[in-house]
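Reviewing the structure listed below.
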Amino acid sequence: MSPSYRIQAATGIHRGDREYQQDQVLLMPHPYAKGCILGVVADGMGGRSGGRKASDQVMLTARQLFERFEPSHEDCTRLLRTIVQDAHTVIRLTAIAAEEEPHSTIAAFVVLPDGTGHFMHSGDSRLYHFHGASQVHRSKDHSYVQALVDRGDLTEEQAHNHPQSNILLGCLGAEASPPTGHHVIERLQPGDTLMACSDGVWHYFTSQELGAVLEALSPREASQFLIEKARQRANGGGDNLSLAILKLEAAETVA
C-alpha cells in the first residue's frame with residue numbers, strides 16, 4: 001500500500017563565522033523509485049582543505065551508492081552502512097596521499113517508497129524525527145559528553161553547555177572504524193518531519209524549539225529561520241551550519 005502523504009523538503013547551508021565552509025548537505029530523490037529520498041549532512045574537519053575533502057567524499061559516496069540502490073529488494077540498512085564505510089575508507093586513503101588529517105561526521109536518512117524511514121549517523125551531526133511539534137526520536141552523538149550523559153554523570157542540559165562538547169569519540173576518517181547509530185521508523189505518517197543537521201545548528205536550540213519551528217513552517221522557511229536564529233545566538237562565534245528537512249503532509253483527496 002502506498003503512503004498517503006505528500007513530501008516537502010529543503011536544505012540550508014551557511015559558512016557561519018568560519019573562514020571557510022566544510023559542511024556539505026545533500027537531498028536527492030531516487031532516479032526512478034518514486035517516493036524514495038536520501039538526505040545527508042556531513043561536517044568536515046581537518047583544516048581548510050582536509051575537512052572539505054572529507055565532506056565532499058561523503059556526498060560523492062552517498063550519491064553514487066544511492067543511485068545504484070534498488071529499494072524494492074535491497075536492504076536499506078546495508079546501503080547506509082556501506083555509505084559510511086566506503087566514505088571512511090576513501091577519506092583514510094586521502095589522508096595518506098595528501099598528508100592531511102581529514103575527518104567527517106555523517107547524518108543520513110532514507111525514506112523508502114513503502115513509507116519506512118531509516119536513520120544512520122556517525123559523530124555529532126544529528127537526526128531528528130518529530131510528529132507535529134513533539135520529538136519522537138533523536139540520534140545520540142558519538143561524543144565525550146554524550147558518554148557522560150549515558151553514564152549519568154551529566155544531564156542533557158549540562159552536556160549542551162559543556163566546554164568539551166566538541167570532543168568526538170569517533171567519526172569518518174579516524175584510525176578506528178567509525179561508530180554508527182541506526183534507527184528505523186516502521187511507518188511514516190502525515191505530520192512527521194525528519195531533519196539531519198550539523199552541530200552548528202542543533203547546538204543553539206532545544207528539542208522543543210526545533211519541534212515548534214518545524215511544525216509551524218515549511219521546510220524552506222524552517223531552514224532559513226533556524227540558520228538565521230542560530231547565527232544570532234552564536235553572537236559572532238558560530239560554526240558552519242547545514243541541515244536537510246523533509247516534511248510529510250496529508251495527501252489531498254479528490255471528491
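No hydrogens, no waters, no symmetry mates; every other heavy atom, side chains included, goes into these values. Predicted model only: the values in this text are computed from it and were never measured.
Of the possible donor and acceptor atoms, one in the side chain of R220 sits under 3.5 Å from a partner among the backbone N and O of T11. A distance-only check finds a donor-acceptor pair linking the side chain of H103 to the backbone of E101 [under 3.5 Å]. Side chain of S165 to main chain of H162: a donor-acceptor pair is present (N/O by atom type, distance under 3.5 Å, no hydrogens or angles). Side chain of R92 to main chain of G173: a donor-acceptor pair is present (N/O by atom type, distance under 3.5 Å, no hydrogens or angles).
For F119 and H182, the distance between ring centers is not under 6.0 angstrom.
Remark: the H118 side chain and the H183 side chain contain no N/O donor-acceptor pair separated by less than 3.5 Å. Y20 and R18 share no side-chain donor-acceptor pair at under 3.5 Å. Side-chain contact annotation: R81 with T180, donor-acceptor N/O pair under 3.5 Å present. Side chains of Y32 and E67: a donor-acceptor N/O pair is absent below 3.5 angstrom, by distance only. Under the 3.5 Å distance criterion, with hydrogens and angles disregarded, a donor-acceptor pair is assigned to the side chains of E221 and S218. The closest side-chain donor-acceptor pair between D56 and Q24 falls under 3.5 angstrom. A side-chain donor-acceptor contact under 3.5 Å links S242 and D23.
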